[in-house]
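Right, one structure below, let's go through it.
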Amino acid sequence: MTEKETLNIIASIVASYPSYEKLNDAAISGMVKVWQRMFKDDDAKLVGLAVAQHIATSKWPPSVSEIRENLVFMQRPDIIPPDEAWGLVREVMGLNGVFSVAPSETLPPLIRQVISKIGWHNLLEMRRGRNGGYKEGEDKRTFMEFYKPAYERERNNALLPPDVAASLAQVYERNGVEIAGYLDNINKAHTEQAEFYRKLITPCYGDELGSAPTHQALTDGCTIDRIQQEAGHTSK
């Protein structure tokens with residue numbers, strides 16, 4: 001969407017809501033800049049349609065997020081709310097009962113991804129309820145547990161303008177690398193500590209660390225005091 005197209009859309013919003021007529025030129029100019037940034041990669045006709053939908057159904061001026069929600073609804077019909085998604089899954093499950101095969105193209109990609117994580121046949125067994133060793137409604141509860149966070153993630157990603165999504169992805173990747181580095185260092189420290197104590201105790205206990213020290217080990221002075229001294233602790 002060009003700056004001129006953005007200006008035309010802002011003009012239609014201002015004309016539709018009397019409260020906006022009080023805005024000065026600086027405020028209008030600021031709105032144009034924000035909307036241009038948020039919708040520059042979107043089709044102006046679709047944005048105009050989303051704005052028209054809002055104007056026709058709401059007494060209050062639209063926010064950027066409300067228009068992006070309308071765009072997602074128009075452009076991403078595959079992102080289906082949880083209750084509707086479960087309704088589709090239940091219909092497919094009922095086609096052939098326990099003999100139904102995992103859906104391929106019959107369900108949207110996000111639903112198929114969730115089903116793949118749960119396991120189609122696991123879901124069918126849960127549907128049998130007590131006959132399958134599960135509580136009644138376990139199939140829906142499990143599906144919702146997996147689907148709801150996946151739906152929110154997909155929907156939130158779809159709401160973002162492409163350039164904002166790309167910038168956030170870089171930040172998340174950098175943070176993920178840093179966190180992974182911290183975890184690696186912690187695991188390395190734990191491993192080194194465990195190896196140190198294993199080498200320290202093995203002469204006393206051998207490989208059977210859960211057993212008592214041998215008579216010979218005690219004769220050689222392998223005592224708790226000695227272990228603590230070797231570990232760097234001062235024996236009292």
Side-chain angles (χ1 to χ4, degrees), residues 1-92 103-115 140 143-176:
M1 187 167 73
T2 66
E3 186 173 347
K4 182 179 179 180
E5 290 168 333
T6 304
L7 184 58
N8 289 336
I9 285 176
I10 295 300
S12 69
I13 294 173
V14 171
S16 301
Y17 295 94
S19 61
Y20 267 25
E21 293 178 357
K22 301 176 183 178
L23 295 177
N24 57 33
D25 291 344
I28 297 295
S29 177
M31 282 184 64
V32 171
K33 288 180 180 178
V34 171
W35 281 61
Q36 171 63 23
R37 186 193 173 197
M38 292 293 104
F39 297 102
K40 65 181 180 180
D41 295 312
D42 294 290
D43 187 310
K45 291 182 178 179
L46 285 177
V47 176
L49 183 59
V51 169
Q53 179 187 11
H54 183 93
I55 291 173
T57 58
S58 176
K59 313 182 215 191
W60 310 107
S63 64
V64 168
S65 63
E66 287 172 321
I67 299 306
R68 293 214 64 84
E69 284 180 356
N70 287 351
L71 286 175
V72 169
F73 182 79
M74 290 188 286
Q75 295 177 297
R76 295 292 307 274
D78 57 304
I79 304 179
I80 301 174
D83 285 335
E84 295 178 28
W86 171 246
L88 291 176
V89 173
R90 187 176 55 192
E91 289 295 323
V92 174
S104 53
E105 301 303 319
T106 54
L107 292 172
L110 184 60
I111 297 179
R112 295 202 305 268
Q113 290 173 20
V114 169
I115 288 176
K140 180 179 180 179
F143 176 80
M144 288 297 194
E145 181 181 339
F146 279 81
Y147 186 80
K148 283 181 178 179
Y151 165 78
E152 290 296 333
R153 227 174 10 250
E154 190 75 10
R155 180 175 172 276
N156 289 338
N157 288 338
L159 286 171
L160 295 173
D163 62 329
V164 176
S167 297
L168 284 174
Q170 292 177 355
V171 172
Y172 293 153
E173 182 179 3
R174 184 169 65 248
N175 289 344

Self-check item: Close side-chain approach of R76 to R155, heavy-atom, < 4.5 Å
Solution: no
Quiz prompt | Heavy-atom check, side chain of F39 versus side chain of I67, under 4.5 Å | solution = yes
Self-check item: Exam field: side chain Q36 to backbone M1, donor-acceptor pair closer than 3.5 Å
Solution: yes
Exercise. Compare every heavy atom of I9 with every heavy atom of A44, then report the nearest pair and how far apart it is.
Key: O-CD1, 4.2 Å
Quiz item: Which distance, rounded to the nearest 0.5 Å, do you find between the CG of L49 and the CG of N70?
Solution: 8.5 Å
Quiz prompt | Minimum side-chain heavy-atom gap Y20-I13 below 4.5 Å | solution = yes
Exercise. Test I55 against Y17 for side-chain contact (heavy atoms from CB on, under 4.5 Å), laying out the working first.
Key: CA-CA 9 Å; I55 291 173; Y17 295 94; 3.9 Å; yes
Exercise. Determine whether P149 and E152 make a side-chain contact, defined as any pair of heavy atoms from C-beta on separated by less than 4.5 Å.
Key: no
Practice problem: Starting at CH2 of W35, measure out to CG of L7 and round the result to the nearest 0.5 Å. | Solution: 12.5 Å
Exercise. Indicate yes or no: at least one non-hydrogen side-chain atom of D163 is less than 4.5 angstrom from one of K40.
Key: yes
Exercise. Give, for atom CG of L71 and atom CD of Q53, the distance between the pair rounded to the nearest 0.5 Å.
Key: 9.5 Å
Practice problem: Determine the minimum heavy-atom distance between P108 and I80, stating which atoms define it. | Solution: CG-CD1, 3.5 Å
Exercise. State whether the number of non-hydrogen atoms from other residues, nucleotides or ligands found under 6.0 Å of Q75 atom CD is greater than 12.
Key: yes
Exercise. Kindly check if the number of other-residue, nucleotide or ligand heavy atoms within 6.0 Å of CG (N24) is above 12?
Key: yes
Quiz item: What distance separates N8 CG from I10 CD1, expressed to the nearest 0.5 Å?
Solution: 10.0 Å
Quiz item: Are the side chains of L23 and M31 in touch, meaning some heavy atoms are under 4.5 Å apart?
Solution: yes
Self-check item: Donor-acceptor under 3.5 Å (E5 side chain, T2 main chain)
Solution: yes
Quiz item: Would a 4.5 Å heavy-atom cut-off, applied to side chains only, mark I111 and F143 as touching?
Solution: yes
Quiz item: Counting N and O atoms only, with roles assigned by atom type, does the side chain of S58 sit under 3.5 Å from a partner on the main chain of H54, one being a donor and the other an acceptor?
Solution: no
Quiz item: Are any of the side-chain heavy atoms of L110 and Q113 separated by less than 4.5 Å?
Solution: yes
Quiz prompt | W86 CH2 to K148 NZ distance, which is reported to the nearest 0.5 Å | solution = 12.5 Å
Quiz item: How long is the span from the CZ atom in R112 to the CD1 atom in I115, to the nearest 0.5 Å?
Solution: 9.0 Å
Quiz item: Restricting to pairs with a member in residues 56-68, which pass salt bridge (charged side-chain N to carboxylate O under 4.0 Å, His left out), not counting sequence neighbours?
Solution: D42-R68
Quiz prompt | Expected output: side-chain S16 to main-chain S12 donor-acceptor under 3.5 Å | solution = yes
Quiz item: What closest approach, in Å, do M74 and L46 show between heavy atoms, and which atom pair accounts for it?
Solution: CE-O, 3.6 Å
